[in-house]
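Throughout, protein chains are lettered first and strands after them, A, B, ... in sequence-line order, and every chain is numbered starting at 1.
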Amino acid sequence: MVSHQQKVQVPDEWFKPIGKDAEKAESVVRPSLSYWKDAWRRLRKNKLAMGGLVFLIILTLFAIFAPILSPHNIETTQYANQNLAPSSKHWFGTDDKGWDVFTRTWHGARVSLFVGVAAALIDFFIGIIYGGISGYKGGRTDTVMMRIIEILYGLPHLLVVILLMVIMGPSLTTIIVALTITGWVGMARIVRGQVLQIKNYEFVTASKSFGARTPRIIRKNLLPNTMGPIIVQMTLTVPSAIFAEAFLSFIGLGIQAPVASWGVMANDALPVILSGHWWRLFFPAFFISMTMFAFNVLGDGMQDALDPKLRG
Amino acid sequence: MAIYIVKRFFMMIATILIIATLTFFLMHSIPGSPFDEERTSNPTIQANLEKFYKLDQPTHVQYVHYLKSIATFDFGPSIKKPNESVNKLLARGFPISFELGMVTILVAVISGITLGTFAALRHNGIIDYAAMAFAVIGISVPNFVLATVLIQQVAVNWNLLPPATWSSPLHMILPTLALATGPTAIIARLTRSSMLEVLTQDYMKMARAKGLSPMRIVLRHALRNALMPIVTIMGTMLAGILTGTFVIEKIFAIPGMGKYFVESINNRDYPVIMGSTVFYSSFLVFMLFLVDIVYGFLDPRIKLHRKEGDA
């Protein structure tokens, strides 16, 4: 309290104007960053998202190399090695056919990642074309295209996928086809919304007034500026495709042995869960969950990083 | 509003029609007759069977007959289970599945909104971080994994709750928990982000300046506005829970429709697959229709007959 009331001497020269420095006013304080560099800088600060990214990179490397390097054979049944607990020879144990769960897990990683990435990529291409045309053309074309989408959006996706799988017979191609037949709708809606918004911005008008033709406008003006939400949507499509594959395998519509998928492995392990072979369920379940977790946090992180409103 | 409801109603009918048609033609594109694998080598029996199921008539006649039977809620017989029809299976199984679904929705909505609200009110606090950690994990762990872990730990290792079936409220806890965790997590995240946005609005300052109690501010002014996005996702969420019941019922041996459906998939009982798909889709599409109408009533800001082209 005492110090608060002390009188402070303020010399007059503290109050002289500094004056404008013409050179300093024009200087750029921060280095100029492109949209992508800035997004990457912000994503790098997000520890959880970076953790997810690192996990996915390691997972991909293992999925590529582990089955090649593994000494265990998972083509023929080996009843001598049935249901062994995890050990130094079989790191994740073995299953009821004597197959090494570690090796199968990485085969499963290949399937899951492939399904997820393929579904996201196909959604991306169909969505960009459909949504792009619908949003850019506008008018009656847009109305008709959006009516179709509205009806498709009302379809219960997983039921349609189940139906398609029953008809076409379970295989990897079928899963991807079934997932993309229903999946592109969400992407098309996002692309259309973005294009609709951006096509009215001034820089597009400027581009048009310089005589740019439609393909150039779509390529140079519209697509780069819609990429943010599209990439986020793709990142979030992957875990839902992985889940759908696991779900289908789990209700008996998965791909057939000896090709492993995490969902199939979990499904096979279910009847024996009470006999104490925990490793057979634990490893596939753990990797399904971790992969979905990694993609989800990465998607969330990218959403924040790519949002121009949050650009600091 | 009336125009909107009528329009939405016709869209609903169109969607159901598309599903029914798709199902019909997909099922017909399967090569061979459903009786091929049965040992009915006697041609007379074969012919009689085909006549009974109207398989001897041309496709378009079958299609019209099929649409008629759907309009009258008759989904046909089961081929693999004698003396059973899809209607019988539905009558037996669907009430149980419906109960499971409704209990799940109730649990998910109540706990999700509570969790999300507290997280938003304690933004960047411990509750917030804990709730969001739970939410990301809840979204990432598939329900069938959670279900098996729950059975293994809670029912078998700790012997706290019964591991299977649906015969008493105690039996309901584990299946509901397994099925509700995902939706709870989604609702909690959505409530949180939408609450955070609402809390910064000027009318919140106004409410505080008027001297309203914090309870009243949160419940009447913040939450009511923050809940709109949750109504929007209710439709997709219902679809997720409904398909979720398939695996949950399989794991917990609950005799609901999901169990029959998965069974029919596994032994390729096409009429049952077809009937339950159409029934489930129609049910979901109808739910989406209800959600849309509720949304229209709740939010006075949405113009119900919007201009063409900006749907």
Side-chain angles (χ1 to χ4, degrees), chain A residues 48 134 138-143 146-147 149-169 196 239-240 242-244 246-248 250-253 262-263 266-267 269-270 273-274 276 278 281-282 284-286 288-297 300, chain B residues 11-12 14-16 18-19 22-23 26-27 29-30 133 136-137 139-149 151-152 156 163 182 189 235-236 238-240 242-244 246-247 250-251 258 261-266 268 270 273-274 276-278 280-281 283-285 288-289 308-311:
Chain A
L48 204 55
S134 179
R140 184 163 296 165
T141 321
D142 183 41
T143 313
M146 277 302 115
R147 281 289 164 280
I149 285 225
E150 265 173 59
I151 290 173
L152 287 179
Y153 204 70
L155 295 176
H157 290 180
L158 219 43
L159 281 176
V160 177
V161 172
I162 289 175
L163 203 61
L164 289 171
M165 297 283 298
V166 169
I167 313 290
M168 297 192 287
L196 213 58
S240 63
I242 290 176
F243 170 76
F247 172 86
L248 291 170
F250 202 75
I251 63 170
L253 283 172
W262 290 336
N267 187 25
L270 188 58
I273 182 69
L274 299 184
W278 56 270
L281 181 71
F282 174 78
F286 173 79
I288 295 173
S289 308
M290 277 307 287
T291 310
M292 284 180 58
F293 180 79
F295 271 110
N296 277 325
V297 292
D300 283 354
Chain B
M11 258 182 63
M12 174 177 83
T15 313
I16 293 175
I18 288 178
I19 296 169
L22 191 78
T23 317
L26 279 176
M27 286 295 166
S29 66
I30 304 168
V136 184
I137 293 169
I139 290 171
S140 304
V141 179
N143 45 25
F144 54 85
V145 171
L146 190 63
T148 24
V149 172
I151 293 182
Q152 170 85 7
V156 177
R189 268 162 64 116
T236 21
L238 269 171
L242 212 71
T243 38
F246 298 168
V247 283
K250 182 189 167 192
I251 298 173
F261 188 52
V262 175
E263 253 174 45
S264 72
I265 289 173
N266 284 327
R268 300 292 188 269
Y270 293 115
I273 301 178
M274 198 153 106
S276 5
T277 310
V278 172
Y280 264 122
S281 312
F283 177 74
L284 271 180
V285 172
L288 275 177
F289 170 69
E308 291 285 293
D310 68 54

* **Side chain, backbone, both or neither of A:Ile162 within contact of chain B (heavy atoms, under 4.5 Å)** => side chain
Which one of [options] has the most heavy-atom pairs closer than 4.5 Å to chain A?
options                                : result
B:Gly244, B:Ala14, B:Ala239, B:Ser281  : B:Ser281
B:Thr243, B:Leu284, B:Val141           : B:Thr243
B:Asn143, B:Val285, B:Val136, B:Leu288 : B:Val136

* Side-chain heavy-atom pair A:Trp262, B:Val145 within 4.5 angstrom cut-off -> no
Rounded at 0.5 Å granularity, tell me how far [atom1] in [X] sits from [atom2] in [Y].
X        : Y        : atom1 : atom2 : value
B:Ile139 : A:Ser240 : CD1   : OG    : 11.5 Å
A:Met290 : B:Ile137 : CE    : CD1   : 9.5 Å
B:Arg189 : A:Asp300 : CZ    : CG    : 4.0 Å

* Top of A:Phe282, A:Phe293, A:Phe295, A:Phe243 for chain B proximity - count of heavy-atom pairs under 4.5 angstrom -> A:Phe293
* To do: Give the minimum heavy-atom separation between B:Tyr280 and A:Leu159, together with the two atoms involved.
  => CB-CD1, 3.6 Å
* Structure fact -> Looking only at heavy atoms, the pair that brings A:Ile288 and B:Pro142 closest together is CG2-CG, 3.4 Å
* To do: For A:Ala244, enumerate each residue passing the side chain to side chain contact (heavy atoms under 4.5 Å, CB included) test, keeping only those at least two apart in sequence or located in another chain.
  => A:Leu158, A:Leu179
* Asked: Using non-hydrogen atoms only, which part of B:Ser276 is less than 4.5 Å away from chain A: side chain, backbone, both, or neither?
  -> neither
* To do: Would you mind checking which part of B:Phe289 comes under 4.5 Å of any heavy atom in chain A, side chain (CB onward), backbone (N, CA, C, O), both or neither?
  => neither
